[in-house]
Amino acid sequence: MAPNRIASPQKPGKPLKRAFFGRSVLEVAPDLIGATFLVDGVGGIIVELEAYHHTEPAAHSFNGPTARNQVMFGPPGFIYVYRSYGIHWCINFVCEKRGSASAVLIRALEPTHGLATMRRRRKLHDERLLCSGPGKLTEALAITHAQNGLPLDVPPIALYARTEKPAIVTGVRIGITKAVELPWRYGLKGSKFLSRPF
DNA sequence: TAGGCGATGGTCT
DNA sequence: GACCATCGCCTAC
């Protein structure tokens with residue numbers, strides 16, 4: 001076992017299809033903890049994410065469709081990428097049904113595939129810091145605006161179901177100023193790869 | 001170890 | 001012109 005790993009990660013399960021995302025974002029979000037997310041074979045296990053829905057003001061879609069957020073208003077199972085603070089890219093998975101404009105923000109991965117590639121891109125050695133934040137993981141996986149609107153079940157994107165139900169913790173979302181009270185942040189209990197403790 | 005803060009640019013009002 | 005779904009460096013303790 002590698003020194004920084006909390007537990008031997010389970011083998012990835014079956015590929016997740018778009019239909020997986022055609023449910024309430026509050027059902028999809030906890031079900032994604034433990035899933036394996038890869039871009040061009042590089043990535044890891046989802047250990048932290050947040051749910052956003054257009055009925056609450058923290059969501060990009062709250063004020064209706066714009067040029068930036070149009071992917072959120074499309075069908076579920078697609079990737080919405082946006083620029084954060086003018087510096088970082090952040091990745092979301094669109095959920096529910098077309099027009100529902102809900103999505104989950106992927107915040108942290110436990111790196112399992114393509115460690116050397118991620119270390120080179122991040123200019124870091126510490127495995128715990130490679131993907132421990134939304135801006136970090138997009139850098140490690142080389143995700144940019146170029147991936148905006150891509151389907152989650154077609155190469156180069158790959159998403160695999162977990163094979164066991166993990167212990168999940170919840171909390172309030174990070175870095176927002178509106179609807180701060182909603183406990184829509186989900187994490188893998190005890191993971192050392194979170195952006196912040198719960 | 002925790003907190004302050006600068007970098008940097010798209011989006012919306 | 002203000003607002004950010006962030007990060008990492010730098011201090012202070």
Side-chain angles (χ1 to χ4, degrees), chain A residues 4 21 24-26 28-30 32-33 35 37 39 43-44 46-74 76 78-96 100-111 117-150 152 168-188 191-198:
Chain A
N4 292 330
F21 295 92
S24 162
V25 68
L26 297 181
V28 174
L32 276 174
I33 296 293
F37 175 56
V39 177
I46 297 172
V47 296
E48 181 185 342
L49 51 76
E50 291 175 351
Y52 288 86
H53 194 273
H54 82 276
T55 54
E56 44 93 10
H60 283 182
S61 52
F62 181 66
N63 290 320
T66 65
R68 174 177 67 158
N69 66 19
Q70 58 178 325
V71 173
M72 282 189 80
F73 287 84
F78 284 76
I79 289 175
Y80 166 48
V81 180
Y82 67 91
R83 176 82 82 168
S84 173
Y85 290 90
I87 304 171
H88 310 286
W89 296 101
C90 293
I91 182 170
N92 295 252
F93 298 167
V94 178
C95 297
E96 300 196 1
S100 170
S102 64
V104 293
L105 167 69
I106 309 302
R107 287 193 56 90
L109 304 178
E110 175 176 338
T117 301
M118 288 191 275
R119 286 191 171 108
R120 187 181 70 247
R121 289 170 177 164
R122 293 272 295 126
K123 303 179 181 66
L124 270 175
H125 182 78
D126 192 336
E127 191 177 321
R128 291 170 299 183
L129 302 180
L130 289 179
C131 301
S132 59
K136 297 177 185 178
L137 76 88
T138 54
E139 183 175 35
L141 273 59
I143 293 166
T144 70
H145 192 67
Q147 278 75 40
N148 189 42
L150 290 185
L152 281 160
I168 293 174
V169 289
T170 62
V172 295
R173 295 172 295 181
I174 291 174
I176 58 173
T177 56
K178 302 163 191 164
V180 295
E181 72 286 354
L182 293 174
W184 288 1
R185 178 180 176 227
Y186 301 82
L188 176 63
S191 174
K192 291 184 177 176
F193 301 90
L194 302 173
S195 66
R196 273 169 48 177
F198 276 77

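Chain naming here is simple, since letters A, B, ... match the order of the sequence lines and numbering starts at 1 in each.
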**Prompt:** Earliest and latest nucleotide of DNA chain B, 5' to 3', sitting under 4.0 Å from a non-hydrogen atom of chain A?
**Reply:** B:dA7 to B:dC12
**Asked** For the atom pair CD (A:Glu139) and CD1 (A:Ile87), what is the distance rounded to the nearest 0.5 Å?
**Response** 11.5 Å
**Asked** With a 4.5 Å limit on heavy-atom distance, are the side chains of A:Leu150 and A:Val81 in contact?
**Response** no
**Fill in**
What residues 52-64 of chain A contributes to the DNA chain C interface at heavy-atom separation below 4.0 Å is A:Tyr52, A:Ala58, A:His60
Can you give me every donor-acceptor pair (side chain of residues 173-180 of chain A, partner residue at least two apart or in another chain, under 3.5 Å) with its distance?
{"residue": "A:Arg173", "atom": "NH1", "partner": "A:Ala51", "partner atom": "O", "Å": "2.8"}
{"residue": "A:Arg173", "atom": "NH1", "partner": "A:Glu56", "partner atom": "OE2", "Å": "3.0"}
{"residue": "A:Arg173", "atom": "NH2", "partner": "A:Glu56", "partner atom": "OE1", "Å": "3.1"}
{"residue": "A:Arg173", "atom": "NH2", "partner": "A:Ala179", "partner atom": "O", "Å": "3.2"}

**Request:** Pick base, sugar-phosphate or nothing for A:Arg122, based on heavy-atom distances below 4.0 Å to the nucleic acid.
**Result:** sugar-phosphate
**Request:** Please identify each residue that fulfils side-chain hydrogen bond (donor to acceptor under 3.5 Å, both in side chains) with A:Tyr186, with sequence neighbours left out.
**Result:** none
**Item:** Aromatic plane relationship, A:Phe93 with A:Phe21 - under 30° parallel, 30 to 60° tilted, over 60° perpendicular
**Value:** perpendicular
**Message:** Taking A:Ser100's backbone N and O only, do any of them form a donor-acceptor pair with A:His54's side chain (distance below 3.5 Å, no angle check)?
**Reply:** yes
**Complete:** Heavy atoms of A:Val104 and A:Val25 approach each other most closely as CG1-CG2, 3.6 Å
**Item:** Nearest heavy-atom neighbours spanning A:Met118 and A:Ala140
**Value:** CG-O, 3.4 Å
**Fill in**
For A:Leu124, the side chain to side chain contact (heavy atoms under 4.5 Å, CB included) test, sequence neighbours excluded, returns A:Arg122, A:Leu129, A:Leu130
**Complete:** Scanning both residues in full, the closest heavy-atom pair of A:Gln147 with A:Ala142 reads OE1-O, 3.6 Å
**Prompt:** Any idea which heavy atoms bring A:Ile46 and A:Ile106 closest together, and the distance?
**Reply:** CD1-CD1, 4.3 Å
**Fill in**
Per the under-4.0 Å heavy-atom filter, residues of residues 130-148 of chain A near DNA chain C come out as A:Gly133, A:Pro134, A:Gly135, A:Lys136
**Item:** Strand-adjacent residues in residues 175-186 of chain A, judged by heavy atoms under 4.0 Å from DNA chain C
**Value:** A:Gly175, A:Ile176, A:Thr177, A:Lys178
**Close residues, residues 80-88 of chain A, relative to DNA chain B [heavy-atom separation under 4.0 Å]** = A:Tyr85, A:Gly86, A:Ile87
**Prompt:** From the 5' end of DNA chain C to its 3' end, which nucleotides mark the outer limits of contact with chain A, defined by a 4.0 Å heavy-atom distance cut-off (strictly under)?
**Reply:** C:dC4 to C:dG8
**Approximate separation, where rounding is to 0.5 Å, of A:Leu188 CG and A:Leu109 CG** = 12.0 Å
**Asked** Looking only at heavy atoms, which two atoms of A:Pro30 and A:Ile168 are closest? And how far apart?
**Response** O-CD1, 3.2 Å
**Message:** For A:Phe193, run the side chain to side chain contact (heavy atoms under 4.5 Å, CB included) check against A:Cys131, A:Pro111, A:Ser132 and tell me which one passes.
**Reply:** A:Pro111
**Item:** Of A:Thr138, A:Ile143, A:Thr144, the residue whose pairing with A:Leu141 passes side chain to side chain contact (heavy atoms under 4.5 Å, CB included)
**Value:** A:Ile143
**Message:** Just to be sure I follow the notation: if a pair is Watson-Crick (purine N1 to pyrimidine N3 plus N6-O4 or O6-N4) or a G-U wobble (N1-O2 and O6-N3), each under 3.5 Å, what dot-bracket string does DNA chain C give, with | for pairs to another strand?
**Reply:** ||||.|||||||.
**Request:** Could you tell me whether the side chain of A:Val47 reaches within less than 4.5 Å of the side chain of A:Leu194, counting heavy atoms only?
**Result:** yes
**Fill in**
Taken in chain and number order and not counting sequence neighbours, the residues that satisfy side-chain hydrogen bond (donor to acceptor under 3.5 Å, both in side chains) with A:Ser195 are A:Glu48, A:Arg107
**Complete:** side-chain hydrogen bond (donor to acceptor under 3.5 Å, both in side chains) pairs touching residues 79-93 of chain A, sequence neighbours excluded, are A:His60-A:Tyr80
**Request:** Would you mind classifying the nucleic acid contact of A:Arg173 as base, sugar-phosphate or nothing, using non-hydrogen atoms under 4.0 angstrom?
**Result:** nothing
**Request:** Describe the nucleic acid contact of A:Thr66 in one word from base, sugar-phosphate, nothing, applying a heavy-atom distance below 4.0 Å.
**Result:** sugar-phosphate
**Shortest non-hydrogen contact between A:Val28 and A:Cys95, atoms and distance** = CG1-SG, 3.8 Å
**Message:** For the backbone of A:His145 and the side chain of A:Asn148, can you confirm whether one donor and one acceptor N or O come within less than 3.5 Å of each other?
**Reply:** no
